[in-house]
**Student:** 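Quick one: the structure is below, and I'll ask about it shortly.
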Amino acid sequence: MKIILIRHGKTEWNTLEKAAGQVDIPLNETRKKTSRRNKRKINQYAN
């Protein structure tokens, strides 16, 4: 069994030190790229 831990992506609100709570804040471009890279890496482990 493999367990993969991934931290949530950073938003612009993190930079502004705003608390998001349950508000759905979009990821910035850097974090979108990171998310796509993580997806590819997870898919490698799944297969």
**Student:** Find out whether Ile42 and Ile6 are in side-chain contact, i.e. whether some heavy atom of one side chain is under 4.5 Å from a heavy atom of the other.
**Tutor:** yes
**Student:** Kindly give the heavy-atom pair with the smallest separation between Glu12 and Asn28, and that separation in Å.
**Tutor:** OE2-CB, 3.0 Å
**Student:** What's the separation between atom CZ in Arg31 and atom CZ in Arg37, rounded to the nearest 0.5 Å?
**Tutor:**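 So the gap between those two atoms works out to 9.0 Å.
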**Student:** Say you draw a straight line from CG of Leu27 to CZ of Arg36; how long is it, rounded to the nearest 0.5 Å?
**Tutor:**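 Output value for this atom pair is 10.0 Å.
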**Student:** Measure the spacing between NZ of Lys33 and CG of Asn38 and express it to the nearest 0.5 Å.
**Tutor:** 14.5 Å
